[in-house]
Amino acid sequence: MDLNELITYVNDAVWGYLLVFVLVGCGLWFTWRTHFVQFRMVGEMLRLLTDSAVDTVESQVKEVRSKDTADGKRKHISSFQAFAVSVATRVGTGNLAGVASAIAIGGPGAVFWMWVIALIGSATAFVESTLAQLFKQKHKDSFIGGPAYYIQRGLHLRWMAVTFAVLITCQFGLSNNSIQANTICDAMNQAFGIQPLWMGMALAASALFIVFGGIQRIAHVSSILVPVMAVGYMVLAVVIIAMNIEHIPQVLKVIVADAFGIHQIAGGGIGATIMIGVKRGLFSNEAGEGSAPNVAATASVSHPVKQGLIQALGVFTDTLLVCSCTAFIILISGLYREPALEGIALTQSALQSEVGSAGPVFVAVAIFLFAFSSIIGNYYYGEANIRFITNSPRFSAQSSQLIMTVYRVFSAGVMVMFGAMASFDLVWNIVDFFMAFLTACNLAAILLLGRYAFRLLDDYRQQKRQGIKEPVFHRSQLPELEHELECWE
């Protein structure tokens, strides 16, 4: 048994018998305890995102006009920028290559289970991001936080917090970046004949330049790339779907029938369909994985619930919109029945069947933007958690800086090159391996701390009922945590 086979065996055991049921169960529990927050407060989510986007543009205009570059406030990350960075990591290979892989392996029914995990997982995303905001800490001219921080400050379990920090650094900062690079190189090779080695070197050089600029540069780049790439891909997808609108009822019928089909149950294949749908859904929207809370904590907001709502909206944006568009295009083409096509090649072939030779080229450009923005967003998740680990008397300032430099080189350089040269199956199996244990660790933490998110949501709703447009939170409202909440005077 080689390394790839061993990792596959462990993944199937963990996902098949534990994590799928735990992930769905937690999503249902949080949905119930938040009184279906992901459905009842969609309007508030959109209002918060729109207001934040306008504020971000206005602040950038003021920054350009201002000559006072010493003003630390202008470096704060807005809710919209935090949303953009988190969507940058969500909207990536999972939406193009991941969806194609789910359909190729699990059949059209896997799309249905991707929808399910998004609908119930958005409540999980709300809870974890609200907790990240609650327990965030001050860091230079911005904020820092995430599951490692709320595990230590909320549960006082340093060993568990460090375990999570190590897992998420391995998952996002290292192995996840290898998938992004693998997909980019495959797409570029298919469309332009660019060899993976040269493409990998160009990616690594570009990523290293950006990640050495810190979260402000990452947020700035993501806030530009994400809207452009998402809108461009959505426009093309909507056009293709509109041109084939008569096929959509049949596509939906195939998805639902395959998700619950008698032949899948009789053949034992429905379990595989559910498993691959949940796995690829989680990889795409990250709800419950503990990744998005790291960037959610950096936002400057008046109440923790605001960022929780915005991150819940990010799950909808990713799976119900972008992933669905990819799935419809693939299913309309009928090419998912071709065993030789997998990953990004299937998506490119599906688009080529609809728009001609321009299809693979468009996907190559889109996946470059999608995956490249994911690389720099993934890097930040690792950075935030390495800072958590090294923020200890055991590490001097010099050693902490050295560790961070080594991590930057490995995340944006070495692992990008590894992904460029490794096989499709190997990079996906490695990511699934770390994703399983990372998610299990985070779910255990938010189950124990979820009561604080529920109380914050009740407070937010009460203030809204009183006519307060922008609710405000003070740490005195949670007296038992008052000494643990340094950012909520």
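Source: prediction; values computed, not measured.
The two atoms that bring Ala161 and Ala148 nearest to each other are CB-O, 3.3 Å, heavy atoms only. Shown here for Ala125 and Ala312, the closest heavy-atom pair between the two residues is CB-CA, 4.4 Å. Here the closest heavy-atom approach between residue Ala297 and residue Ala132 is recorded as CB-O, 3.6 Å. Taking all atoms of both residues into account, the shortest heavy-atom contact from Leu203 to Cys185 is CD1-SG, 4.4 Å. Closest heavy-atom contact between Gly290 and Pro147: O-CG, 3.3 Å. Scanning all heavy atoms of the two residues, the minimum distance from Gln477 to Val472 falls at OE1-O, 3.7 Å.
Looking at Ile144 and Phe388, their side chains never come closer than 4.5 Å, going by heavy atoms from C-beta outward. With a 4.5 Å cut-off on side-chain heavy atoms, Trp159 and Val162 do not count as touching. Between Val37 and Arg461, the closest side-chain pair of non-hydrogen atoms falls below 4.5 Å.
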Please test Phe434 against Asn176 for side chain to side chain contact (heavy atoms under 4.5 Å, CB included), starting from the C-alpha separation and ending with a verdict.
-> CA-CA 9 Å; Phe434 284 111; Asn176 209 332; over 6 Å; no

Step by step, work out the side chain to side chain contact (heavy atoms under 4.5 Å, CB included) result for Phe172 and Leu438.
-> CA-CA 10 Å; Phe172 280 87; Leu438 176 68; 3.9 Å; yes

Evaluate side chain to side chain contact (heavy atoms under 4.5 Å, CB included) for Leu481 paired with Leu134, printing each intermediate quantity in order.
-> CA-CA 10 Å; Leu481 293 176; Leu134 179 65; 4.3 Å; yes

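Aromatic pair Phe30/Phe126: centroids not less than 6.0 angstrom apart.
With sequence neighbours excluded, the residues satisfying side chain to side chain donor-acceptor pair (under 3.5 Å) with Thr31 are Gln38. Every residue two or more places apart in sequence or in another chain that forms a side chain to side chain donor-acceptor pair (under 3.5 Å) with Trp115 is listed here: Ser324. With sequence neighbours excluded, the residues forming a salt bridge (charged side-chain N to carboxylate O under 4.0 Å, His left out) with Glu470 are Arg47, Lys306, listed by chain and number. The side chain to side chain donor-acceptor pair (under 3.5 Å) test applied to Ser411 returns Asn177, not counting sequence neighbours. For Leu28, the side chain to side chain contact (heavy atoms under 4.5 Å, CB included) partners are Val24, Ile120, not counting sequence neighbours. Partners of Tyr460 by side chain to side chain donor-acceptor pair (under 3.5 Å), not counting sequence neighbours, listed by chain and number: Glu44. In terms of the side chain to side chain contact (heavy atoms under 4.5 Å, CB included) criterion, residue partners of Gln398 (sequence neighbours excluded) are, by chain and number, Ser396.
Within the model, atoms CG of Asn429 and CD1 of Ile179 stand 9.0 Å from one another, a figure rounded to the nearest 0.5 Å. Atom NZ of residue Lys469 and atom OG of residue Ser302 lie 11.5 Å apart, to the nearest 0.5 angstrom. Note that CD1 of Ile184 is 7.0 Å distant from CD of Gln180, once rounded to the nearest 0.5 Å. Summarising the geometry, atom CG belonging to Leu46 is positioned 10.0 Å from atom CD1 belonging to Ile310; distances are rounded to the nearest 0.5 Å. Atom CE in Met114 sits 10.5 Å away from atom CD1 in Ile117 (nearest 0.5 Å). Rounded to the nearest 0.5 Å, atoms CE (Met415) and CD1 (Ile375) are 11.0 Å apart.
Between the side chain of Asn182 and the backbone N or O of Ala422, at least one donor-acceptor pair lies under 3.5 Å. Although no hydrogens or angles enter the test, the distance criterion places a donor-acceptor pair under 3.5 Å between the side chain of Lys136 and the main chain of Ala299. Put simply, the side chain of Thr439 never gets that close to the backbone of Ala436: no donor and acceptor are under 3.5 Å apart. Distance alone, capped at 3.5 Å, places no donor-acceptor pair between the Gln133 side chain and the Val305 backbone. Looking only at distances, no side-chain donor or acceptor of Glu484 sits under 3.5 Å from a matching main-chain atom of Phe135. Using modelled atom types, one side-chain atom of Ser178 and one backbone atom of Ser175 make a donor-acceptor pair closer than 3.5 Å.
Residue pairs meeting the ring-ring contact (aromatic ring centres under 6.0 Å, His included) criterion with at least one partner in residues 461-483, sequence neighbours excluded, are His303-Phe473, Phe473-Trp488. Every pair passing ring-ring contact (aromatic ring centres under 6.0 Å, His included) that includes a residue from residues 392-422 is listed here, sequence neighbours excluded: Tyr379-Tyr407. Applying the salt bridge (charged side-chain N to carboxylate O under 4.0 Å, His left out) test to residues at least two apart or on different chains, the pairs with a partner in residues 150-179 are Arg153-Glu486. Listed by first and then second residue, the salt bridge (charged side-chain N to carboxylate O under 4.0 Å, His left out) pairs involving residues 162-180 amount to none (not counting sequence neighbours).
Crowding of Met404 atom CE: a count of heavy atoms from other residues, nucleotides or ligands under 6.0 Å exceeding 12.
Partner of Asn385 under the side-chain contact (heavy atoms from CB on, under 4.5 Å) criterion, chosen from Asn294, Leu167, Val166: Asn294.
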Under 3.5 Å, sequence neighbours excluded: what are the donor-acceptor pairs made by side chains of residues 440-458?
unit_1: Asn442; atom_1: OD1; unit_2: Tyr150; atom_2: OH; d: 2.6
unit_1: Asn442; atom_1: ND2; unit_2: Glu128; atom_2: OE1; d: 2.9
unit_1: Asn442; atom_1: ND2; unit_2: Gly288; atom_2: O; d: 2.8
unit_1: Arg451; atom_1: NH1; unit_2: Leu448; atom_2: O; d: 2.4
unit_1: Arg455; atom_1: NH1; unit_2: Glu480; atom_2: OE2; d: 2.5
unit_1: Arg455; atom_1: NH2; unit_2: Glu480; atom_2: OE2; d: 3.4

